[in-house]
Amino acid sequence: ITKTSGADYDAVVIGAGFGGLYAVHKLRNEQGLNVRGYDSASDVGGTWWWNRYPGALSDTESYVYRYSFDKELLQKGRWKTRYLTQPEILEYMNEVADHLDLRRSYKFDTKVDGAHYNEKTGLWNVITDSGETVTAKYLVTGLGLLSATNVPKFKGIDDFKGRILHTGAWPDGVDLSNKRVGIIGTGSTGVQVITATAPVAKHLTVFQRSAQYVVPIGNTPQDDATIAEQKANYDTIWNQVKNSVVAFGFEESVKPAETASPEERERVFEAAWQRGGGFYFMFGTFCDIATSQVANDAAADFIKGKIKKIVKDPKVAEKLTPKDLYAKRPLCGNNYYEVYNRDNVTLADVKADPIAEFTPNGIRLESGEEHELDIVIFATGFDAVDGNYVKMDLRGRGGVTMRDTWKEGPLGYLGMMEVDFPNFFMILGPNGPFTNLPPSIETQVEWIADTICAMEEEGVRSVEPTVEARDAWVGTCREIADMTLFPKAESWIFGANIPGKKNAVMFYMAGIGNYRNAINAVKEEGYTSLIRNRTAEKV
Ligand code: FAD
Ligand code: NA7
């Protein structure tokens, strides 16, 4: 039963990934609201429904890449290795949906084209591509921050006779064996798909624009005793995770590399290399790799030394050696640099010799060199964070569009709200935490649900942040980011991967513990940074 008079639903939730599913659970199962969910995918899973490419894997350890709230499911958790593969995560999300009976609230294969706030009714009109328009008091978006695929435009692409695929929209049934495969992109996804493709393809050509720092992932089998111990200690584990910085399940280092001796640095980096894990290498070894040039150089030099040792052809090793800072999303892979010692793998450095065009038979570089290919895989990433928001026709108070509000770069209050967008809540919106994401998603959904609950209890009709509060939050995020080296490297974290996209701060980089304190303070202070209207809006 809908509690909001005159509305079809109390809340519409967009997305059926970690964010959307938990929002439907909180609002429907716990708060008794009438909720409708939408996803353009055909089922639950979000990221893990779309990204079915070979090698797709989470690089957050299995025991913390999941929800913490459902203790029963935590104890039932099954995993065999340190990290979860895409099919395992998808299976887990299906299990969550079954356990909490979430599917019945969703319409799948349905894209939300737009949502307009109606000031007269105080409701959101949500417009879908199936021709359905529904109204709801609350709009909760779990659109995903790495979800809107980035497909660069290349000359001649329509003439290519082979197949073109993007990792983020991977169809079932693709067989790469014995094919001449080209992969464009060497980010986190590229590293995974490259290492999985090399052993099966007839020939693999990697088109690398920026060389990357890649440490081993260390995806070791997990024995039953380790898993049983993790399960027995979940309360302690989640407490640590939610009060940490990157929420990856390890204690971040408190020791600066700046003051460590060369021998100690070498020893700590080597141990981390043997242990595996990208975030661990950056945040678990020393505390200043992301903030101090000296520490960053030390970590970068260590990885560069490994590349030199691993890659047999010095010319290839040179191409694989990064020239910039170690300050993008930290990457890890399974024997990544070793791939380039294989006879069936070619590395094309497309920074030195850019892709000129696609030809009917493959890709031609500016030098004239042509690579003949049957399949080209775009591992070219995403229009991160705000991509799905600006693709939609989102309109708030007075018809103001999100595209306009964010034309100089995305803003957002607490990573969840926006000025002039009443009763609108984003999960992983701009300027939210930069962490292992499920714990941050839970944190946000719980805050959103609490805020909605307080509104319902107090008879509040609409809620939105003040301009001052929003601008202060964005300013805080900028200040924190500027204390790190991350803005100095070009990556999706600041929007640098999309041609023409404004460089902007898009994350709160002070860690999940500080983030939780900040948003809880807003709640405990009685939401004074929000405009809360109790009466009907003036017509
Ligand atoms: P998503 O899972 O992205 O779900 C968003 C959903 O919204 C999608 O299903 C989409 O179809 C739907 N949607 C969007 N717009 C519309 C619309 N207009 N209408 C209808 N539906 C819409 N994070 C980690 O913490 N650790 C990792 O190891 C990790 N590995 C990753 C590996 C890959 C390959 C990728 C792509 C991401 C990875 N991530 C990782 C990030 C990952 O996206 C998050 O961990 C998490 O899955 C995000 O959940 P979400 O619900 O916020 O968004
Ligand atoms: P990323 O990290 O954005 O990587 C994309 C890669 O594609 C990167 O190497 C890019 O080079 C490359 N790219 C992008 N456009 C082009 C063009 N036009 N030509 C050549 N190469 C190009 O995306 P991922 O999917 O790997 O990872 C995103 C996140 O998703 C990741 O952090 C995980 O959390 C999951 P560049 O470096 O820009 O020179």
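Note that this is a predicted model, so its numbers are computed, not measured. Whatever order the structure lists them in is the order used to number ligands and atoms, beginning at 1.
Proximity of Trp48 to ligand 1 is established by a heavy-atom distance of less than 4.0 Å. By the 4.0 Å heavy-atom criterion, Ile427 is excluded from the residues contacting ligand 1. Not a single heavy atom of Gly168 lies less than 4.0 angstrom from ligand 1. The shell of residues lying under 4.0 angstrom from ligand 2, judged by heavy atoms, excludes Phe378. Under the 4.0 angstrom criterion for non-hydrogen atoms, Phe207 is not in contact with ligand 2.
Not a single donor-acceptor pair under 3.5 Å links the side chain of Glu370 to the backbone N or O of Arg364.
For Asn51, the side-chain contact (heavy atoms from CB on, under 4.5 Å) partners at least two apart in sequence or on another chain are Thr47, Tyr53, Phe382.
For an aromatic pair to be called close, the ring centres must be under 6.0 Å apart, and Tyr65 with Phe18 satisfies this.
For ligand 2, the atoms closer than 4.0 angstrom to any heavy atom of Gln212 are 9 (O), 37 (O). Short contacts between ligand 2 and Gly185, defined as distances under 4.0 Å to a heavy atom of the residue, involve ligand atoms 6 (C), 7 (O), 9 (O), 12 (C).
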Atom pairs and distances, donor-acceptor, side-chain atoms in residues 204-218, under 3.5 Å, two or more places apart:
unit_1 : atom_1 : unit_2 : atom_2 : d
Gln208 : NE2    : Lys319 : O      : 2.9
Ser210 : OG     : Lys351 : NZ     : 3.2
Gln212 : NE2    : Thr186 : O      : 3.1
Tyr213 : OH     : Asp324 : O      : 2.6

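For Pro152, every heavy-atom contact with ligand 2 shorter than 4.0 Å involves the side chain, none the backbone. Contact annotation for Trp50 and ligand 1: only side-chain heavy atoms (C-beta onward) come within less than 4.0 Å of the ligand.
When the heavy atoms of Ile355, Val151, Leu146 are ranked by distance to atom 30 (O) of ligand 2, first place goes to Leu146.
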